[in-house]
Amino acid sequence: MTDTALDLEISRFVAAPPAKVWRAWSDPEILKTWWCPKPWTTEVKAFDFRAGGAFHLLMSGPDGGSSDNPGLFLDVAPMERIIWTSMLVAGWRPATPWLGITGVFTLAAEGAGTRYIARCLHKDRADRDAHEERGFFNGWATMIQQLEDVARTLP
């Protein structure tokens, strides 16, 4: 991750402790409630939460649009880090996604909450710029707010 010019990143304080943020991420029934900006919805088609496990979310919009996002977890370090990619799918098979990214999500305790960093790595400047133009910052900021809203309500 040395060429950060190809990355898009959001760092945000989430007003919920890391354990609750982790639970919101690691439980697919909870994850689907915050994963994409509302009024879009998320269907969890695969969620094997371990390195090498399948990750497949289908997002659907109220206008009939959809975004199919299969991928693979590369690293799952409990309470610290989640890394997944759309460039591989179950069984470590190569994929040809509509947008090839690797997502790196880190959590760190900060006061009574969590420092949450979401970083997307792209293969080239064209993909990075296209992702930004498609609304990366607004969409992912909305997702993080929804994550916080859900995490704060968890026991």
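On a predicted model such as this, the values are computed, not experimentally measured, just so you know.
- Salt bridge Arg81/Asp75: present, at least one basic N to carboxylate O contact under 4.0 Å.
- Val76 and Val89 fall into different hydrophobic clusters, where Ile, Leu, Val, Met, Phe, Trp and Tyr residues are linked whenever their side-chain heavy atoms come under 4.5 Å apart, directly or through other members.
- For Arg152, the CZ atom counts as loosely surrounded, since its 6.0 Å shell holds 12 or fewer non-hydrogen atoms of other residues, nucleotides or ligands.
- Heavy atoms only, all atoms of each residue included: His122 and Asp7 are closest at ND1-CA, 4.3 Å.
- Trp140 has its side chain within reach of His131: a pair of non-hydrogen atoms, C-beta onward, lies under 4.5 Å apart.
- Atom OG of Ser11 and atom CZ of Arg115 lie 4.0 Å apart (nearest 0.5 Å).
- Separation of atoms CH2 (Trp98) and OG (Ser86) is listed at 8.5 Å; rounding is to 0.5 Å.
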I would like to know whether Ser67 and Asn69 meet side-chain hydrogen bond (donor to acceptor under 3.5 Å, both in side chains); could you show each step before the answer? CA-CA 6 Å; Ser67 179; Asn69 299 282; 3.0 Å; yes
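- Met87 and Phe136 are members of different hydrophobic clusters when ILVMFWY side chains are connected at heavy-atom separations under 4.5 Å.
- For an aromatic pair to be called close, the ring centres must be under 6.0 Å apart, and Phe13 with Tyr116 fails this.
- Taking both residues in full, the closest heavy atoms of Leu74 and Ala51 are given as O-CB, 3.4 Å, listed atom of the first, atom of the second, then distance.
- Note that CD of Gln146 is 7.5 Å distant from SG of Cys36, once rounded to the nearest 0.5 Å.
- Side-chain atoms of Asp68 and His56, non-hydrogen and from C-beta on, do get closer than 4.5 Å to each other.
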Step by step, would you call Leu107 with Glu80 a side-chain contact (heavy atoms from CB on, under 4.5 Å)? CA-CA 5 Å; Leu107 291 72; Glu80 294 177 19; over 6 Å; no
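- Cluster membership for Phe47 and Ile30, using ILVMFWY side-chain heavy atoms within less than 4.5 angstrom, is shared.
- Closest heavy-atom contact between Ala118 and Ile144: CB-CD1, 4.5 Å.
- A continuous path of Ile, Leu, Val, Met, Phe, Trp and Tyr side chains, each step under 4.5 Å between heavy atoms, connects Trp40 with Leu147, placing both in one hydrophobic cluster.
- Using a 30° and 60° split on the angle between ring planes, Phe55 and Trp84 fall in the parallel class, below 30°.
- Ring pair Trp34/Trp25 is perpendicular by interplanar angle, where above 60° counts as perpendicular and below 30° as parallel.
- Around NZ of Lys123, the count of heavy atoms belonging to other residues, nucleotides or ligands within 6.0 Å does not exceed 12.
- Side-chain contact between Met59 and Glu43 is absent, with no heavy atoms from C-beta onward closer than 4.5 Å.
- Side-chain rings of Phe49 and Trp22 approach one another, their centers coming within less than 6.0 Å.
- Taking CG of Leu31 as the reference point, atom CG of Leu57 lies at 6.0 Å (rounded to 0.5 Å).
- By the rule that hydrophobic residues join a cluster once side-chain heavy atoms approach within less than 4.5 Å of another member, Met79 and Val21 end up as members of one cluster.
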From CA spacing to verdict: side-chain contact (heavy atoms from CB on, under 4.5 Å), Ile10, Ile117: CA-CA 6 Å; Ile10 297 177; Ile117 301 173; over 6 Å; no
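- Between Ile101 and Thr85 the shortest heavy-atom distance is O-OG1, 3.0 Å.
- Across Pro18 and Thr114, no two heavy atoms sit closer than the pair N-OG1, 2.9 Å.
- In this structure, NZ on Lys20 lies 7.5 Å from OG1 on Thr153, to the nearest 0.5 angstrom.
- Taking every heavy atom of both residues into account, Ala15 and Glu148 meet most closely at N-OE2, 2.5 Å.
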